[in-house]
Amino acid sequence: MKKTMEEIQIEVDQYISQFKEGYFSPLAMLARMTEELGELAREVNHYHGEKPKKSSEDDNTIEQELGDMLFVLVCFANSLNVDLEKSFDTVMNKFNTRDKDRWTRLEEKIDE
């Protein structure tokens, strides 16, 4: 079942709200996000880079690490009352207006 960003933010908030500690501070959240980004970078390097995994290392996946990143990002947004759907719409508007001619577009195929 697919979830909207709003549903994801609500689900994470319901999960975090069951604990006395609640959300971490913004600085701690940023540190957690940096930590998760490092773990993602490590996985990408193992699968697409020049550093193969050691046989003793766990078999994490890029998908799992992206999920961890998403969870921390949603926690960060929730802790600051940021609507990620609105944030996403704002950035897409920027890409579709200010940056619309920044990149080389694929040639449109002409049907014969």
Side-chain angles (χ1 to χ4, degrees):
M1 178 175 95
K2 296 200 183 249
K3 298 175 185 177
T4 66
M5 187 57 67
E6 180 182 19
E7 290 169 333
I8 290 170
Q9 284 192 258
I10 290 169
E11 183 176 348
V12 168
D13 192 59
Q14 288 171 343
Y15 174 76
I16 295 295
S17 294
Q18 65 184 324
F19 303 108
K20 289 180 183 180
E21 295 81 2
Y23 290 106
F24 296 151
S25 70
L27 192 56
M29 204 75 71
L30 187 58
R32 283 200 61 212
M33 193 178 302
T34 302
E35 178 185 347
E36 294 299 345
L37 180 60
E39 292 174 13
L40 174 61
R42 184 176 178 84
E43 288 302 309
V44 170
N45 196 24
H46 287 319
Y47 291 101
H48 301 285
E50 289 71 40
K51 186 179 178 188
K53 280 190 177 237
K54 297 176 190 173
S55 59
S56 61
E57 288 184 289
D58 288 341
D59 211 16
N60 293 342
T61 65
I62 292 172
E63 182 178 354
Q64 289 170 328
E65 297 304 339
L66 284 170
D68 289 347
M69 285 285 305
L70 179 60
F71 179 80
V72 175
L73 178 65
V74 171
C75 285
F76 200 1
N78 284 356
S79 73
L80 297 172
N81 295 314
V82 171
D83 178 337
L84 284 172
E85 193 169 329
K86 184 178 176 186
S87 295
F88 180 78
D89 289 345
T90 300
V91 77
M92 287 308 298
N93 182 59
K94 177 179 68 176
F95 287 132
N96 287 316
T97 56
R98 185 191 76 187
D99 295 340
K100 67 182 170 101
D101 296 321
R102 187 173 191 174
W103 310 107
T104 306
R105 296 198 180 268
L106 296 172
E107 296 291 326
E108 290 186 26
K109 293 183 180 180
I110 302 173
D111 293 327
E112 294 180 16

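Because only heavy atoms are used, hydrogens play no part in the values below, and waters and symmetry mates are left out as well, while side chains stay in.
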| message | Holding to side chain to side chain donor-acceptor pair (under 3.5 Å), I want the full list of residues that pass it with Asp68, two or more places apart in sequence or in another chain. | response | none

| Mind checking what makes side chain to side chain contact (heavy atoms under 4.5 Å, CB included) contact with Leu27, not counting sequence neighbours? | Ser25

| query | With Glu11, which residues qualify under salt bridge (charged side-chain N to carboxylate O under 4.0 Å, His left out), at least two apart? | reply | Lys3

| said: Once side chain to side chain contact (heavy atoms under 4.5 Å, CB included) is applied, do any residues pair with Thr61, and if so which ones, sequence neighbours excluded? | reply: Glu63, Gln64

| task | Report the residues that fulfil salt bridge (charged side-chain N to carboxylate O under 4.0 Å, His left out) with Arg102, sequence neighbours left out, ordered by chain and then residue number. | result | Asp99

| Results of side chain to side chain donor-acceptor pair (under 3.5 Å) for Glu36 - residues two or more places apart only | none

| field | Partners meeting side chain to side chain contact (heavy atoms under 4.5 Å, CB included) with Thr104 (sequence neighbours left out) | value | none

Identify every side-chain donor-acceptor pair in residues 15-22 under 3.5 Å, counting partners at least two apart or on other chains, and give the distances.
unit_1 : atom_1 : unit_2 : atom_2 : d
Ser17  : OG     : Asp13  : O      : 2.6
Gln18  : NE2    : Tyr15  : O      : 3.1

| remark: Cluster membership besides Met92, Ile/Leu/Val/Met/Phe/Trp/Tyr side chains within less than 4.5 angstrom, sorted by chain and number, is Phe88, Val91, Phe95

| said: Please enumerate all residues that pass side chain to side chain contact (heavy atoms under 4.5 Å, CB included) together with Asn45, with sequence neighbours excluded. | reply: Lys51

| query | With sequence neighbours excluded, what pairs up with Glu65 under the salt bridge (charged side-chain N to carboxylate O under 4.0 Å, His left out) test? | reply | none

| side chain to side chain donor-acceptor pair (under 3.5 Å) contacts in which one or both residues fall within residues 78-96, not counting sequence neighbours | Gln9-Asn78, Tyr23-Asn78

